[in-house]
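To start, the structure under review is shown below, and the notes come after it.
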Amino acid sequence: MGNNLRAILCEIGLSQEEIAAAEAFNKAGKRDELQKYLRVRRCSLMEEMHRTQKKVDNLDYLLRQLKGGTVL
C-alpha cells in the first residue's frame, strides 16, 4: 500500500508534510488516526467543492440574466 498510498495522496493534493504524516500513521499501524486524518482532508475538499459550485451557480445566474436581456 505504501507507493499506492503516496500516489493517491499526491493526486488529491496533499502537501509533502501531509503525505509524510499520513504515511507515518500507516507505517505505525495507526489506522484510526489515519482514517481521522483523511476524513479531515475530505471535509476540506468538500468545502472547496461547495465554494466552487456556488461560483458556478452565480455565473449561470448572470448568463441567464444576460440571455434574457436583463442588465444588472
Search all heavy atoms of G13 against all heavy atoms of E18 and return the closest pair with its distance.
O-OE1, 4.4 Å

Show every ring pair (Phe, Tyr, Trp, His ring centres under 6.0 Å) that has at least one partner inside residues 3-39, sequence neighbours left out.
F25-Y37

Please identify each residue that fulfils side chain to side chain donor-acceptor pair (under 3.5 Å) with Q35, with sequence neighbours left out.
none

Sequence neighbours excluded, which residues qualify as side chain to side chain donor-acceptor pair (under 3.5 Å) partners of E11?
none

Would you name the heavy atoms of I12 and R41 that are closest together and state the gap between them?
O-NH2, 3.6 Å

Tell me, please, which residues at least two apart from L38 pass side chain to side chain contact (heavy atoms under 4.5 Å, CB included).
L9, L34

Enumerate donor-acceptor pairs with a distance under 3.5 Å from any side-chain N or O in residues 49-59 to protein atoms, sequence neighbours excluded.
from	atom 1	to	atom 2	distance (Å)
H50	ND1	M46	O	3.1
T52	OG1	E48	O	3.1
Q53	NE2	D57	OD1	2.8
N58	ND2	K54	O	3.4

